[in-house]
Protein chains: 2
Amino acid sequence: MARCTITDVAAASGVSIKTVSRVLNDEPSVRPETRRRVREAMTAMNYQPSLPARSLAGRRSSLIALLFENPSANYVFAVQSGAMAKCRETQLRLLVQPLNDLGEPLIEEVLAMVDQTHIDGVVITPPLSANAELIAALDSRGLPFVRIAPDGTSHSSPIVEMDDEAAAHEMTSYLLALGHRRIGFIKGHPGHHSSKLRLEGFQAALASWGVDPAEQPVEQGYNSFESGLTAARRLLACTQRPTAIFASNDDMAAGAIFVAHEFGIRVPDELSVSGFDDTQLASTIYPPLTTVHQPSYTMSYTATGLLIDLIKRNAVPASTQLAHNLVKRASTAPPRRAN
Amino acid sequence: MARCTITDVAAASGVSIKTVSRVLNDEPSVRPETRRRVREAMTAMNYQPSLPARSLAGRRSSLIALLFENPSANYVFAVQSGAMAKCRETQLRLLVQPLNDLGEPLIEEVLAMVDQTHIDGVVITPPLSANAELIAALDSRGLPFVRIAPDGTSHSSPIVEMDDEAAAHEMTSYLLALGHRRIGFIKGHPGHHSSKLRLEGFQAALASWGVDPAEQPVEQGYNSFESGLTAARRLLACTQRPTAIFASNDDMAAGAIFVAHEFGIRVPDELSVSGFDDTQLASTIYPPLTTVHQPSYTMSYTATGLLIDLIKRNAVPASTQLAHNLVKRASTAPPRRAN
DNA sequence: GGGGTCGATGGTAGCGGTATCACAACCGCA
DNA sequence: TGCGGTTGTGATACCGCTACCATCGACCCC
């Protein structure tokens with residue numbers, strides 16, 4: 001069962017290689033009867049088209065790339081699974097391209113990859129999706145791409161996102177409704193646009209409840225567990241300790257819970273903690289984390305679908321917003337009455 | 001700066017395309033002076049060789065695949081990063097191929113991928129590395145592959161592994177040295193060969209300390225957090241509750257700690273818990289987990305290196321064993337004196 | 001009923017490289 | 001001086017497929 005080629009199939013089904021090629025590409029104007037014969041021959045011989053040959057001859061490579069620069073295993077895994085699922089449906093191959101710790105040559109690396117592999121298109125995840133140079137470079141190559149959760153800068157490429165601000169607003173309202181009036185906030189990585197939106201949602205919710213945002217303690221975090229540790233230590237060392245902490249992602253929220261354990265502060269009795277993203281971690285720590293479910297898998301699945309449409313030159317929406325939802329678990333409760 | 005080809009480079013440097021090809025492939029018998037001229041032209045024109053063209057014409061595709069069927073984001077991320085790092089060093093591309101939820105057509109899917117992409121070789125992670133049919137299928141295609149932590153069945157392909165039994169032995173000895181004499185064990189997924197080895201290490205250590213392994217409570221787990229929950233509930237509901245739990249991986253250990261929290265059992269004061277793997281999770285939960293550091297990243301980095309050697313027909317060791325080490329954190333302590 | 005259109009198919013020139021062979025220039029040695 | 005053997009280089013046939021154009025009968029319209 002050695003590899004066989006289009007020529008073998010053509011011979012076996014008594015047509016020219018061109019007709020086999022037509023069947024392969026689902027082109028019209030092949031008689032159904034002929035199509036059937038060719039298809040049968042292909043299955044019988046276990047014919048597999050050669051991807052390199054197709055991409056060399058045609059304009060398509062049937063290969064798309066997923067670009068990321070994100071250190072979170074959970075996020076990357078989710079995004080990758082989503083993209084992969086869509087690729088499997090559509091007979092495409094996915095080239096996964098991590099761009100961590102590259103510094104300057106990032107753009108060059110991407111362009112080299114694009115030129116070498118003849119990629120058809122790219123899905124870009126945050127924070128890369130907000131990288132203006134990268135966008136410009138891809139544009140210069142005329143390569144189609146879809147961005148996941150980029151910043152607000154306008155560009156004609158399609159976008160898949162969730163409403164970070166509304167979600168943060170909801171979470172904050174939930175904490176306020178529980179009775180919390182002193183809520184510590186841990187900001188996300190300054191490089192991520194969503195960090196800004198989440199803070200804005202937090203502040204807007206406070207304002208709408210008549211609570212002065214300026215009075216609430218806010219600490220800078222960097223999306224890592226360790227940065228959550230540092231930020232939470234500061235928040236909990238305040239003289240007026242907050243009764244709740246809202247962290248901009250789950251890793252940092254896990255840090256806050258860790259610190260609470262260290263300090264002997266009971267969660268949620270003495271301190272409520274909530275996160276953002278709903279990664280696997282959220283339901284693995286104790287107590288399980290109240291958080292916002294971010295549909296990372298679905299976002300990337302959707303983005304990949306849009307990219308494929310884009311490549312096929314179908315009409316594509318400029319922007320798609322996916323639903324989030326609040327996941328209430330055991331890390332939040334009404335504040336203990338202290339007075 | 002549109003894409004340029006070997007012909008352009010040849011014209012620019014005044015040689016034939018064949019000579020450019022020679023320079024590209026680092027073949028000998030090109031005059032240093034000529035080589036320099038061609039190299040210069042390539043950089044000046046920002047020439048990037050076309051991967052599809054090379055793989056079509058030559059025997060190499062400069063593409064290798066990483067096969068996995070593992071639901072753990074942390075593990076997959078680590079393995080992928082390691083393979084990717086080695087690929088980047090050697091100018092290869094990595095095709096990541098998850099094979100989850102495929103059932104029967106798994107082998108076909110892999111073979112189709114192999115035939116379509118003209119992959120040069122494969123790195124196989126557990127539990128796929130123990131899949132005899134897969135191994136046979138790859139063999140039938142004459143494709144080089146390296147397995148990470150496969151089971152004991154002999155095969156000429158290189159293997160990268162750690163000593164699971166010795167590591168489990170060490171961990172158990174550590175718990176015994178702390179004074180524990182009733183240790184609950186949570187077994188790993190029956191499909192993973194390492195599960196068996198870890199259990200054996202546990203039992204051997206007990207025996208060498210004169211403790212009867214048959215007296216220790218053992219529960220079946222399936223490597224997931226949830227299965228750890230179930231197993232730990234059973235262990236802690238025993239009339240003679242163990243003073244320590246050794247779980248075969250970190251996720252299940254996290255489950256045990258979760259259950260301890262639920263039951264109001266203090267860790268490590270009333271119950272020691274230890275895990276295996278040292279994933280990111282181990283240092284994110286509270287208390288941080290004593291565990292065995294499994295060098296997943298390094299294993300896959302090494303395996304990829306061996307694969308490349310194999311492809312180049314260099315001499316390759318049949319088996320490489322990487323060092324593990326015990327990471328002592330706060331989840332273990334001497335048992336509380338109860339009598 | 002002749003020319004135009006369309007449906008179904010085939011022939012063939014590449015795509016951008018590599019492999020095989022050929023060949024000229026140069027070398028040492030008898 | 002002439003011979004075989006290197007060494008550096010070029011010409012050219014592919015690799016497996018797609019794009020473009022040609023072909024050829026059937027059908028259609030006025």
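In what follows, chains are A, B, ... by sequence order, proteins preceding strands, each numbered from 1. Being a predicted model, the structure only gives us computed values, none of them experimental.
As a whole-Å value, the separation of A:Arg35 CZ from C:dA8 C1' is 11 Å. What separates CD of B:Glu27 from C1' of C:dT20 is a distance of 12 Å, to the nearest Å. At whole-Å resolution of the value, CG in A:Leu24 and P in D:dA19 are 11 Å apart. The distance between atom CG of A:Leu56 and atom C1' of D:dC14, rounded to the nearest whole Å, is 12 Å. In this structure, A:Leu51 atom CG and D:dC15 atom P are separated by 19 Å, rounded to whole Å. Distance B:Arg54 CZ to D:dC17 P: 21 Å, rounded to the nearest Å. In this structure, A:Asp115 places its CG atom 17 Å from P of C:dC15, rounding to the nearest Å. Distance CE (A:Met42) to C1' (D:dC17): 14 Å, rounded to an integer number of Å.
As judged by a 4.0 angstrom heavy-atom cut-off over every strand, A:Pro49 is placed among residues touching the sugar-phosphate backbone only. Within the 4.0 angstrom heavy-atom criterion, only backbone atoms of the sugar-phosphate kind lie near A:Thr34; the bases stay farther away. Within 4.0 Å (heavy atoms only), A:Ser29 reaches at least one base atom of the nucleic acid. In this structure, B:Pro28 reaches neither bases nor backbone, as no heavy-atom distance under 4.0 Å exists between it and the strands shown. B:Val20 comes within contact range of no nucleotide atom at all, as no heavy-atom separation falls under 4.0 Å.
Across C:dT20, C:dT9, C:dT12, the shortest atom-to-atom separation from the side chain of B:Arg59 is found for C:dT20. Side-chain proximity of A:Ile17 to the nucleotides C:dT9, C:dT12, C:dG16 is greatest for C:dT12. For B:Ala57, the listed nucleotide lying nearest its side chain is C:dG17; candidates were D:dG16, C:dT12, C:dG17.
Among residues two or more places apart in sequence or in another chain, the side-chain hydrogen bond (donor to acceptor under 3.5 Å, both in side chains) test is passed with B:Thr279 by B:Asp250.
Side chain to side chain, A:Tyr297 and A:Gln80 fail the donor-acceptor criterion of an N or O pair below 3.5 Å. With no hydrogens or angles considered, no side-chain donor-acceptor pair links B:Asn131 and B:Arg147 at under 3.5 Å. For A:Ser157 and A:His155, the side-chain atoms include at least one donor-acceptor pair closer than 3.5 Å.
For a distance-only test at 3.5 Å, the side chain of A:Lys18 fails to qualify as a donor-acceptor partner of the base of C:dA8. For A:Arg31 against C:dT9, a side-chain-to-base donor-acceptor contact under 3.5 Å is absent. Taking only distance into account, the side chain of B:Arg22 meets the base of D:dG10 through a donor-acceptor pair shorter than 3.5 Å. Not a single donor-acceptor contact under 3.5 angstrom links the side-chain atoms of B:Arg60 to the base of C:dG17.
Contact between the side-chain N/O atoms of B:Ser16 and the OP1/OP2 oxygens of D:dG10 is found at a separation under 4.0 Å. Contact annotation: A:Ser21 side-chain N/O to D:dT18 OP1/OP2 distance is under 4.0 Å. Listed pair B:Ser50 / C:dG16 fails the phosphate criterion, with no side-chain N or O lying under 4.0 Å from OP1 or OP2.
Summary of the strand contacts: A:Gln48 and B:Val30 both lie near DNA chain D, and taking for each the nucleotide with the nearest heavy atom, the more 5' one is attributed to B:Val30.
Ion pairing between a basic and an acidic side chain is recognised when a charged N comes within 4.0 Å of a carboxylate O; B:Arg59 and B:Asp120 show no such pairing. Taking a cutoff of 4.0 Å between a charged side-chain nitrogen and a carboxylate oxygen, B:Arg37 and B:Glu40 do not qualify as a salt bridge.
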